[in-house]
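Here's the structure we're looking at; comments come further down.
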Amino acid sequence: MSSTFMNPLVLTAGTVVSAIGNGLSEQGAALKARRSGLTPCDFFGITTGYIGRVPGVEDHVLTRGSGEFVCRNNALADMACQQDGFDHAVQEAVAFYGADRIAVVVGTSTSGILSAENAYQEVDPQTGFPPPIFHQAGTQDLFSLPRFLAERLGTKGPLLTVSNACASSSRAFVDARHWLEAGVCDAVIVGGADSLCRMTLRGFASLGLVSDGPTRPCDAARAGISIGEGAGFVLLERAGARPEAPVLARLTGYGVSSDGYHMSSPDPAARGAVIAMQDALKLANLAPGQIDYINLHGTGTLVNDAMEDQAVSAVFGKNVPCSSTKGWTGHTLGASGIIEAMISIGLMQSGLIPGCLNVMQLDPVFQSAVLTDNQNRPVRRVMSNAFGFGGTNCSLIFEAA
């Protein structure tokens with residue numbers, strides 16, 4: 001094994017909101033009951049496929065933050081901040097380190113683009129201007145999310161938005177780690193949010209990637225994705241820096257790579273995915289057999305799932321159980337990394353490994369150890385994969401506290 005490995009970082013708080021519930025408890029209950037959050041799409045007249053819609057987001061009123069930040073994406077972020085004691089945990093970190101030592105590194109792909117879509121529909125035909133209530137910088141702009149979180153949570157450290165498509169909020173962990181190692185900050189709010197909008201629903205449909213029914217990752221007859229939405233955040237700190245803080249889990253390794261193969265299709269040879277997983281293992285100083293479960297990117301498309309199976313079997317063989325949880329939440333795009341990180345934390349606490357939902361027949365050519373039923377067993381180490389458009393690959397390793 002490599003002699004160069006990372007100093008583990010600790011996750012001292014975490015929160016999540018998705019179509020299967022608000023907070024870790026509701027998420028865990030849905031996984032245990034194998035209760036999907038996917039419903040037929042009925043979003044602004046779009047009826048193609050199924051979606052993972054978060055209940056109540058349309059009626060949510062921001063608890064803090066100025067009016068310029070009012071949009072669906074920030075509403076999801078605000079809802080997440082209210083779960084699992086996350087607000088309180090951040091305030092304790094601010095009191096210990098100082099507000100200027102708390103950074104925000106978050107991922108998103110759509111940001112508040114729904115607000116821009118609505119504004120375009122309301123353009124004044126005489127002037128060509130959108131309505132005066134549209135604040136582009138506070139909604140559609142990719143920098144809206146970290147600005148909103150900093151204002152809402154009272155932090156004054158550096159801010160960063162990561163937008164690497166579906167790997168965005170996984171890659172955010174990597175940039176946060178660099179900042180902590182460089183001494184730029186003492187704690188980082190890491191995560192992301194992505195919200196339903198017309199562009200992604202129509203865009204993925206135009207690419208022929210949306211399944212007519214609920215997505216069926218790893219199924220022999222899988223036919224595409226179901227788009228979801230959600231948000232989640234963790235508080236990432238150096239181990240031992242704040243001894244009184246509880247520890248949910250540890251980040252012990254990561255691997256990143258870029259295929260540069262195609263704008264929307266993964267490298268069929270899976271070279272970048274293999275590199276990301278191997279590098280994560282090296283940085284964590286682990287052998288493949290020391291991973292207890294792999295949370296697959298597992299979008300439900302023919303090409304993506306086949307590529308990931310090839311990559312996982314090349315690195316792990318048939319020895320490590322794996323599955324996709326997108327049958328519960330849908331593919332939440334830039335938020336999928338953090339939502340699945342929180343799923344990983346939850347299953348390490350509960351000892352539940354969720355098997356893929358909606359699988360009628362596992363793809364017979366798959367060589368990895370894909371689960372289609374839930375299993376109860378101790379889980380200490382989890383690898384969570386995220387592979388985005390453009391060939392961005394990111395694998396994270398979390399270890400139980």
Side-chain angles (χ1 to χ4, degrees), residues 6 8-9 11 14 16 73 77 80 103-111 142-146 149 158-182 184-185 187-194 230-236 249-261 263-264 266-267 271-284 294-299 304 307-308 311 326 331-345 382-398:
M6 70 177 277
L9 299 172
L11 286 63
V16 64
N73 212 55
V104 179
V105 181
V106 287
T108 188
S109 64
T110 63
S111 191
L142 286 174
F143 207 52
S144 168
L145 180 59
L149 287 169
L159 312 176
L160 177 66
T161 299
V162 179
S163 190
N164 290 131
C166 308
S168 298
S169 55
S170 291
R171 173 68 205 213
F173 279 90
V174 179
D175 291 306
R177 187 255 177 168
H178 290 327
W179 280 10
L180 287 166
E181 289 289 303
V184 172
C185 53
V188 190
I189 297 163
V190 186
D194 245 334
F233 307 103
V234 299
L235 191 59
L236 193 66
R250 301 193 302 161
L251 175 67
T252 61
Y254 63 82
V256 293
S257 67
S258 182
D259 293 348
Y261 174 78
M263 279 301 296
S264 59
D267 178 3
R271 290 167 290 193
V274 167
I275 289 170
M277 289 187 286
Q278 288 177 334
D279 285 355
L281 290 168
K282 289 177 183 177
L283 200 58
I294 304 165
N295 186 281
L296 302 172
H297 186 56
T299 62
N304 178 274
M307 177 280 293
E308 190 170 13
K326 289 182 172 63
H331 189 354
T332 57
L333 308 180
S336 61
I338 184 60
I339 289 173
E340 288 160 26
M342 293 304 297
I343 287 174
S344 300
I345 290 169
V382 175
M383 176 179 284
S384 186
N385 287 338
F387 307 128
F389 271 14
T392 298
N393 308 298
C394 186
S395 297
L396 304 173
I397 295 177
F398 297 101

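Starting from 1, each residue takes its place in the sequence as its number.
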Check whether any side-chain heavy atom of [X] sits under 4.5 Å from a side-chain heavy atom of [Y], and report yes or no.
X	Y	value
Val106	Leu149	yes
Ile338	Phe233	no
Leu11	Leu235	no

Salt bridge (charged side-chain N to carboxylate O under 4.0 Å, His left out) pairs, two or more places apart, involving residues 158-171: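 For residues 158-171: Arg171-Asp175.
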Can you give the donor-acceptor pairs under 3.5 Å from side chains of residues 271-279 to other protein atoms, not counting sequence neighbours?
| unit_1 | atom_1 | unit_2 | atom_2 | d |
| --- | --- | --- | --- | --- |
| Arg271 | NE | Asp267 | OD2 | 2.8 |
| Arg271 | NH2 | Asp267 | OD1 | 3.4 |
| Arg271 | NH2 | Asp267 | OD2 | 3.1 |

With distance as the sole test, does [X] use its side chain to make a donor-acceptor pair with the main-chain N or O of [Y] at under 3.5 Å?
X	Y	result
Ser169	Gly337	yes
Asp194	Thr110	yes
Thr108	Gly192	no

Side-chain donor-acceptor contact under 3.5 Å, Asn393 with Asp259: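 Result is yes, a qualifying pair exists.
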Listed partners of Tyr254 passing ring-ring contact (aromatic ring centres under 6.0 Å, His included), at least two apart: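 Partners of Tyr254 by the ring-ring contact (aromatic ring centres under 6.0 Å, His included) criterion come out as none, since no residue qualifies.
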Any residue meeting ring-ring contact (aromatic ring centres under 6.0 Å, His included) with His297, in chain and number order, not counting sequence neighbours: His331, Phe387
Side chain to side chain contact (heavy atoms under 4.5 Å, CB included) against [X], all qualifying residues, sequence neighbours excluded:
X	answer
Val16	Gln27, Ile339, Met342
Ala284	Thr252, Leu286, Ile397
Ser168	Asn164

Non-hydrogen atoms of [X] and [Y] that approach each other most closely:
X	Y	result
Leu142	Ser109	CD2-O, 4.1 Å
Cys185	Ala103	SG-CB, 3.8 Å
Ala280	Gly255	CB-N, 3.5 Å
Ala176	Val190	CB-CG2, 3.5 Å
Met383	Leu281	CE-CG, 4.0 Å
Leu145	Gly107	CD2-O, 4.0 Å

The criterion is side chain to side chain donor-acceptor pair (under 3.5 Å); which residues satisfy it with [X], sequence neighbours excluded?
X	value
Ser344	none
Ser111	none
Ser170	none
Thr161	none

For Glu308, all residues meeting salt bridge (charged side-chain N to carboxylate O under 4.0 Å, His left out), sequence neighbours excluded: none
